[in-house]
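Note that these values count all heavy atoms, side chains included, but never hydrogens, waters or copies made by symmetry. If you're wondering where the values come from, they're calculated on a predicted model, not measured in any experiment.
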Amino acid sequence: MNSIEFGKKCRPYNVQYRDVFGYVPCRDDYNCSQDKYFQALLKAIETKCELSAIVPKKNKELSGFPRKQRSPLTNYNWMFYPICRTKTRLQIGKDTELKNFPFYCPKCRQKTLMEVKNLQITMIKENEVKM
């Protein structure tokens, strides 16, 4: 049975399980086949004991797929060059502040001075730029 058919088969029982325990269990978290999981799900609803008491959970550290850790750079956004709207190699965040930052765009080959504060990019007038 493929995962879509299995999901349709489990859907009404997942709703009942959620009503009793407040969450829907995920098949991938348990160390058993689809048939054993389904039978354990029915038994857990009938006896009102959690599924982990009937079927052992997988040890996530030994499964070969370590949990993805959030990078500290996830709070940063890519900076786009305001003239040609090209994505640059710079990332800016809420705490990034730049003053009189000389910036050269390799795509449109223009030089400008920029200021960045609170994710807002402002260009200093082009006629004032002396590089």
Side-chain angles (χ1 to χ4, degrees):
M1 176 181 324
N2 67 22
S3 61
I4 294 173
E5 292 172 356
F6 182 71
K8 288 179 181 178
K9 181 179 175 182
C10 291
R11 185 174 295 141
Y13 301 106
N14 284 336
V15 172
Q16 290 177 12
Y17 190 91
R18 185 188 64 215
D19 292 341
V20 174
F21 297 105
Y23 71 96
V24 177
C26 179
R27 151 75 183 96
D28 296 333
D29 291 342
Y30 296 92
N31 205 9
C32 63
S33 65
Q34 287 181 348
D35 293 330
K36 287 183 181 179
Y37 174 83
F38 185 72
Q39 294 303 321
L41 182 63
L42 294 177
K43 188 174 180 182
I45 294 168
E46 182 181 311
T47 60
K48 295 190 179 182
C49 68
E50 291 210 21
L51 194 59
S52 58
I54 300 169
V55 178
K57 278 193 163 189
K58 285 183 182 176
N59 189 353
K60 295 190 181 207
E61 296 171 4
L62 299 178
S63 66
F65 299 104
R67 289 216 175 239
K68 193 173 186 180
Q69 303 249 341
R70 270 193 93 134
S71 168
L73 295 177
T74 55
N75 297 330
Y76 289 83
N77 298 324
W78 290 103
M79 185 172 140
F80 289 85
Y81 191 65
I83 295 174
C84 64
R85 305 278 186 230
T86 304
K87 185 176 174 182
T88 65
R89 295 181 183 131
L90 299 175
Q91 287 185 334
I92 56 173
K94 290 181 181 179
D95 58 344
T96 304
E97 290 187 21
L98 298 172
K99 292 184 180 181
N100 295 328
F101 181 70
F103 190 77
Y104 173 75
C105 178
K107 182 178 178 187
C108 62
R109 298 183 181 186
Q110 293 186 22
K111 298 177 187 176
T112 55
L113 286 178
M114 293 186 178
E115 291 185 2
V116 176
K117 188 171 188 178
N118 294 330
L119 296 174
Q120 297 296 318
I121 302 170
T122 54
M123 290 180 27
I124 299 174
K125 293 182 183 176
E126 294 177 19
N127 58 5
E128 295 177 5
V129 176
K130 295 178 183 174
M131 292 187 178

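In this structure Gln39 satisfies the side chain to side chain donor-acceptor pair (under 3.5 Å) test with no other residue, sequence neighbours excluded. For Lys117, the side-chain contact (heavy atoms from CB on, under 4.5 Å) test picks out Glu97, with sequence neighbours left out. Listed by chain and number, the residues in a side-chain contact (heavy atoms from CB on, under 4.5 Å) with Leu98 are Thr96, Phe101, Val116 (sequence neighbours excluded). Under the ring pair (Phe, Tyr, Trp, His ring centres under 6.0 Å) criterion, Phe21 pairs with Tyr17, not counting sequence neighbours. Applying the side chain to side chain donor-acceptor pair (under 3.5 Å) rule to Tyr81 yields the partners Thr112; only residues at least two apart in sequence or on another chain are considered. Looking at residues two or more places apart in sequence or on another chain, you find no side-chain contact (heavy atoms from CB on, under 4.5 Å) involving Asn118.
Closest approach of Tyr104 and Arg109 over heavy atoms only: OH-CG, 3.3 Å. The two atoms that bring Ile54 and Cys49 nearest to each other are CD1-SG, 3.8 Å, heavy atoms only. Considering all non-hydrogen atoms of both residues, Phe6 and Gln34 come closest at CE1-O, 3.4 Å. Here the shortest heavy-atom pairing between Leu41 and Pro25 reads CD1-CG, 4.1 Å.
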Working for side-chain contact (heavy atoms from CB on, under 4.5 Å), residues Leu90 and Trp78: CA-CA 6 Å; Leu90 299 175; Trp78 290 103; over 6 Å; no
Hey, mind stepping through Arg11 and Lys8 against side-chain contact (heavy atoms from CB on, under 4.5 Å) and telling me if it holds? CA-CA 5 Å; Arg11 185 174 295 141; Lys8 288 179 181 178; 4.2 Å; yes
Test log, rule side-chain contact (heavy atoms from CB on, under 4.5 Å), inputs Ile124 and Glu115: CA-CA 7 Å; Ile124 299 174; Glu115 291 185 2; 3.8 Å; yes
Are Phe38 and Leu42 close enough, and set up right, to give a side-chain contact (heavy atoms from CB on, under 4.5 Å), and what steps lead you there? CA-CA 6 Å; Phe38 185 72; Leu42 294 177; 3.6 Å; yes
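Of the inter-residue distances, the one linking Gln120 atom CD with Ile92 atom CD1 reads 8.5 Å to the nearest 0.5 angstrom. Taking CG of Asn77 as the start and NZ of Lys94 as the end, the distance is 9.0 Å to the nearest 0.5 Å. Distance check, rounded to the nearest 0.5 Å: NZ of Lys57 to CG of Asn31 gives 12.0 Å.
Counting heavy atoms from C-beta on, the side chains of Met114 and Thr122 never come closer than 4.5 Å. Counting heavy atoms from C-beta on, the side chains of Ile121 and Met79 come closer than 4.5 Å.
Hydrophobic clustering (side-chain heavy atoms under 4.5 Å, transitive across Ile, Leu, Val, Met, Phe, Trp, Tyr) keeps Tyr13 apart from Val24. Hydrophobic clustering places Tyr23 together with Val55 (ILVMFWY residues linked when any side-chain heavy atoms are closer than 4.5 Å, directly or through intermediates).
Between Tyr37 and Tyr30, the ring-plane angle classifies as tilted under the 30° and 60° cut-offs.
Formation of a donor-acceptor pair under 3.5 Å by the Arg27 side chain with backbone atoms of Cys32 is found in this model.
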